[in-house]
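For reference, the structure discussed in these notes is given below.
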2 protein chains.
Amino acid sequence: MYHEIADQLIQAITNGQFTSKLPTEAKLMARFGVSRNTIRRAIDVVYQQGLLRRVQGSGYYINHVQLNSEHAVNLSVGAGKPLIKNAHHPTSEIVTFDKATAGTIALAKQFNVEPDAEVYRVIRLRYMDGAVYALEESYYLTSVVPFLSTDSINSSIFDFLAETFNVTVVASDDYMSMTTLESDQANLMGLEPGDQRLTLAQMNYTKNNTLFNFSKAIYADAKMSFYFHSAHLSSN
Amino acid sequence: MYHEIADQLIQAITNGQFTSKLPTEAKLMARFGVSRNTIRRAIDVVYQQGLLRRVQGSGYYINHVQLNSEHAVNLSVGAGKPLIKNAHHPTSEIVTFDKATAGTIALAKQFNVEPDAEVYRVIRLRYMDGAVYALEESYYLTSVVPFLSTDSINSSIFDFLAETFNVTVVASDDYMSMTTLESDQANLMGLEPGDQRLTLAQMNYTKNNTLFNFSKAIYADAKMSFYFHSAHLSSN
DNA sequence: TTTCATTTGTCCGTATGTATC
DNA sequence: CGATACATACGGACAAATGAA
């Protein structure tokens, strides 16, 4: 219930339906026909995504977050679904698509993933408007994701997982760092070996905080910036 | 109320008082003498810091987050209070401490801070075990922080602000990027001009989401990594 | 400055649903 | 299957901040 209401509120905000303030809790209660606690729970969700400022005695004000950098990734919107601002024509080219065992994968060892775990491996170049913007290696545990096809990874993979296996991201751990490009990585991205680029490693968890996906993405644009919003539960 | 309980729970977890599971909600209700809603609210706070996994029908399990990198910053603990793992002997050396107008500061313009706003400016080198680990420029709006002394910035500045002006961080916006060092920056840090390093820009908000501090820190260690945890409100 | 209605923040009790064991 | 434990929702009460009268 409150999840659906939260989604609708978020849509209403991004659609520009509410420009400066949210309706009062009382009005939202009437509109959705639910109790105050439920409305407040929904608002909590929206607030945590950084879309709202809340002022006791006054109301909920819409936050117009400004990602000044042209190429910016918003990490606080949805765990596991980084959003590029002005993401036009996102395409990707698959470099590798196979199965592997976690024990043989450096990234998996780094995150202490069970070595025996079997995973789908997807390595791909991501393009934006025809230009490479990231080299990404991602892994999906077959224990949670029993089947994966080239079709499903070419379309929105998280949508596919939600529809097919009822797997959604509930929590995620993000690690930002800087890596020096190996020659093969540099070649794929059209950069020079030894160049340094921002790297985002990510662990995604589903219901009951079961790990189902982990990935590492190297971003081609040296001027890329990553945005993250952090909000405490209440404002007082 | 639930804030205090959350703090106590967090302490109990970090103290190792609870190693694998939290007591049940019923037991926590009895222990703290509060209602279930209040306990759950407190648990929400703990959960959002990534310290818990919650499993319906089973209980709350403690998450032993592992920051593998030796030098890692945890951005999800407390907004505005990045924690360095194994932070031994943190000291700092003040490079600049004066007042300025936001309009004259590049960082302020970047974040659309009111140009007329007066700010305290603190530029300093931060040391860990005697070695430079960051060059930080931070600004405090005098409208919220009317007074700042060298004493107060040498000790824990956020503690000082909480005690003196009742100013605490309620929300923050973080921007991670990579910057190329200017010669003066490189000199201060003992690095080469042209070197690239991770940079964290941060906006900190207090009650009612009033901006009171913004800062930019360049980290000396090329292998530094930044951790961030993101959790949805419920696990289902 | 004071008062007062509005609006959000906190807390309580209760009931029912759903996952786990 | 039953007991336990977390998830969701409702309704009510009072506190605290805001803003206008």
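On a predicted model such as this, the values are computed, not experimentally measured, just so you know. Each chain gets a letter, A, B and so on, in the order the sequences are listed, and its residues count up from 1.
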Exactly one of B:Tyr175, B:Tyr139, B:Phe214 clears ring pair (Phe, Tyr, Trp, His ring centres under 6.0 Å) with B:Phe111, and that residue is B:Tyr175
Measure from the side-chain heavy atoms of A:Gln56 and tell me the nearest of D:dC10, D:dT8, C:dT8.
C:dT8
Separation of A:Glu25 atom CD from D:dA13 atom C1', in whole Å?
15 Å
Go through D:dC10, C:dT10, C:dC12 for me and flag the one nearest to the A:Val34 side chain.
D:dC10
Looking at B:Thr38, does any N or O in its side chain come under 4.0 Å of the phosphate oxygens OP1/OP2 on C:dT10?
no
Let me spell it out: for each of A:Asn37 and A:Gly59, pick the nucleotide of DNA chain C with the closest heavy atom. Which residue's pick is nearer the 5' end?
A:Gly59
Rounded to whole angstrom units, what separation is found between the NE2 atom of A:His232 and the P atom of C:dT10?
13 Å
Per nearest nucleotide of DNA chain D, the residue lying toward the 5' end, B:Pro23 or A:Gly57, is B:Pro23
Using atom CD1 of B:Ile5 as one end and atom P of C:dT10 as the other, report the distance to the nearest whole Å.
13 Å
Is the phosphate of C:dG13, meaning OP1 or OP2, less than 4.0 Å from a side-chain N or O of B:Arg36?
no
Is the distance between the ring centroids of B:Phe18 and B:Tyr60 less than 6.0 Å?
no
Just by distance, no angles: are the side chains of A:Thr38 and A:Ser35 close enough, under 3.5 Å, to form a donor-acceptor pair?
yes
Identify which nucleotide among D:dC6, D:dT18, D:dG11 has an atom closest to any side-chain atom of A:Val55, counting heavy atoms from C-beta outward.
D:dT18
Is a side-chain donor-acceptor pair under 3.5 Å present for A:Thr101 with A:Thr104?
no
Between A:Ser35 and D:dC10, is there a contact of a side-chain N or O with OP1 or OP2 at under 4.0 Å?
yes
A:Arg54 side chain: which of C:dG9, D:dC6, C:dC12 is closest?
C:dG9
Aromatic ring pairing B:Tyr219/B:Phe226, orientation class (parallel under 30°, perpendicular over 60°, tilted between)
perpendicular
Taking CZ from B:Arg41 and C1' from C:dC12, how many angstroms apart are they, rounded to a whole number?
15 Å
Choosing from C:dC12, C:dT20, C:dG9, which nucleotide comes nearest the side chain of B:Ser58?
C:dT20
Do the side-chain N or O atoms of A:Arg40 get closer than 4.0 angstrom to the phosphate oxygens (OP1, OP2) of C:dT8?
no
If you find the nucleotide of DNA chain D closest to A:Tyr61 and the one closest to A:Ile39, which residue's nucleotide is nearer the 5' end?
A:Ile39
d(NE2, B:His3; P, C:dG9) in whole Å:
11 Å
Please report, rounded to the nearest Å, how far the P atom of D:dC6 is from the NZ atom of B:Lys27.
10 Å
Integer-rounded Å distance: C:dT10 C1' and B:Phe32 CZ:
17 Å
With respect to the phosphate group of D:dC6, does any side-chain polar atom (N or O) of B:Tyr60 fall under 4.0 Å of OP1 or OP2?
no
Gap between atoms CE and P, on B:Met29 and D:dA5 respectively (whole Å):
12 Å
Angle between ring planes, B:Phe158 versus B:Phe212, binned at 30° and 60°: parallel, tilted or perpendicular?
perpendicular
